Amino acid sequence: MASNNHFFEGAEKLLEVWFLRTEPGQNLRHIAREDWEEVLKTVRCQIISTIKNDSQDAYLLSESSMFVSDRRFILKTCGTTLLHNALPLMLELAKQKCGFHTVEDIFYSRKNFMRPELQHNMHRSFEEEVIILEKLFQDGAAYCLGRMNGDCWYLYTTNNPDSSKPGQAEPDQTLEILMMDREPEGMKLFPKISIDPAEIAKISGIADLEPGTLIDDFLFEPCGYSMNGLLPDGAYMNIHVTPEKDFSYASFETNVSKKSYADLVKRVLNVFKPGRFVMTLFANMTSEVYPGDSTFEDKISDFQRQDWQASKFSNYYLTFCNYAKVKAKPS
Ligand SMILES: C[S@@+](CC[C@H](N)C(=O)[O-])C[C@H]1O[C@@H](n2cnc3c(N)ncnc32)[C@H](O)[C@@H]1O
């Protein structure tokens, strides 16, 4: 499957923008699909399919996912897409079509790329990405968590103590698990062994990660799997799988509310069977996961924690951890 010159960068660029509502009825969902298509054209990806429920619209993309709710916009794109290109038009549409003039919070994050030299200029280094964000947003701060000589994770976020603290108004949390070195057993389902993504979701265990999830998924040719899931009360999840052995990668993201994510994390690891993973959790002051969460144990299944870092922002707590599979000792 993986030839010498075939490479796909699974690690996603992830953007989450919250707008400040100043009048009733302001709603990003009023932006038409054709307008989103124009935004995505600048990023160089397309909409594959859409699902919706009463609180959000989920777009499955040729390179990952987009979620639109009343005042929150999430765009996650992989490969060599130009995510930052989405920002000017998205901000303009939010202003013109919905009357949103103020960005309340922004989060831009990504893991370090496997092959940064293959990215377009604007995404070749985090420093370049931050220069672009600084031109668009005020009060932003840029961080790098993890190992400079291994897996690390970059974050740019607004950290304005004077902001109106959206997190305090409504509970919010985001868990991300970014998995590398997937074992052959964990990869074998995602080359196109079935033409039916629902069958793959069922056999792999994806369909059972969170009961009651409305799933929209897609199998790429000749391999690759993407999934958006919607749950009640504004909850979502997404999964993206790059199964090629030489650069295998899978990601899981959700904002589903839980007191602890320990069981969900074990279920996810059991589906994808990575060799190592990075896990991050954002939680605001009213989230039920704060403060006593048991998600980041020293050991999770066969994995040993390598690093643990925590940050406190004006509205959110962030925990970052790196885990690696415990290697069996030679007998
Ligand atoms: C599922 S997509 C989404 C990638 C995602 N960010 C991830 O975590 O891997 C990537 C996988 O689909 C494969 N693929 C096949 N055709 C593709 C296409 N037209 N666009 C994007 N990926 C494609 C890639 O080789 C890769 O294995």
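From a predicted model like this one, the values you see are computed outputs, not experimental measurements. Order of appearance sets the numbers: ligands from 1, and atoms from 1 within every ligand.
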| Is a donor on one side and an acceptor on the other found under 3.5 Å between the side chain of N228 and the backbone of Y59? |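 Yes.
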| Does ligand 1 have any atom sitting under 4.0 Å from a heavy atom of P243? |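 Per 4.0 Å heavy-atom rule, P243 contacts ligand 1.
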| field | Student check: side-chain heavy atoms of F220 and S226 closer than 4.5 Å | value |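 They are in side-chain contact.
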| Do NZ/NE/NH1/NH2 and the carboxylate oxygens of R21 and D70 come within less than 4.0 Å? |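 Salt bridge flag = yes for D70 with R21.
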| task | Tell me whether the guanidinium CZ or amine NZ of R110 lies under 6.0 angstrom from the six-membered ring centre of F113 and within 45° of its axis. | result |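 Flagged: R110 positioned over aromatic ring of F113.
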| message | For F272, does the six-membered ring have the charged nitrogen or CZ of R182 within the cation-pi criterion, i.e. under 6.0 angstrom from the centroid and within 45° of the normal? | response |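 Negative - R182 is either too far from the ring of F272 or too far off its axis.
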Mark up the atoms of ligand 1 that fall under 4.0 Å of a heavy atom belonging to [X], in ascending order.
{"X": "Y225", "value": "1 (C)"}
{"X": "S64", "value": "5 (C), 6 (N)"}
{"X": "E221", "value": "15 (C), 16 (N)"}
{"X": "S62", "value": "20 (N), 21 (C)"}

| message | According to side-chain contact (heavy atoms from CB on, under 4.5 Å), who are the partners of A142, at least two apart in sequence or on a separate chain? | response |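 Checked A142 against side-chain contact (heavy atoms from CB on, under 4.5 Å); matches are F126, V130, Y156.
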| message | Polar contacts were defined as any N/O atom of the residue lying under 3.5 Å from an N/O atom of the ligand; does this apply to G10 and ligand 1? | response |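 For ligand 1, there is an N or O atom that lies under 3.5 Å from one belonging to G10.
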| said: Heavy atom to atom 27 (O) of ligand 1, shortest distance: which of K76, H240, E244, K13 holds it? | reply: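 Looking at heavy atoms only, E244 sits closest to atom 27 (O) of ligand 1.
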| field | Nearest option to atom 4 (C) of ligand 1, as decided by whichever heavy atom of G224, C78, A250, S251 sits closest | value |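 Checking each option, the heavy atom nearest atom 4 (C) of ligand 1 is found in C78.
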[atom]: the protein heavy-atom neighbour that sits closest, reported with distance to 0.1 Å:
{"atom": "atom 13 (C) of ligand 1", "value": "C223 O, 3.1 Å"}
{"atom": "atom 18 (C) of ligand 1", "value": "F220 CD2, 3.7 Å"}
{"atom": "atom 26 (C) of ligand 1", "value": "T242 OG1, 3.5 Å"}

| said: Does either side chain, that of E12 or that of T77, offer a donor lying less than 3.5 Å from an acceptor on the other one? | reply: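 No.
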| query | So, N255 and Y236: side-chain donor and acceptor under 3.5 Å apart, yes or no? | reply |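 Judged by distance alone, the side chains do not pair up.
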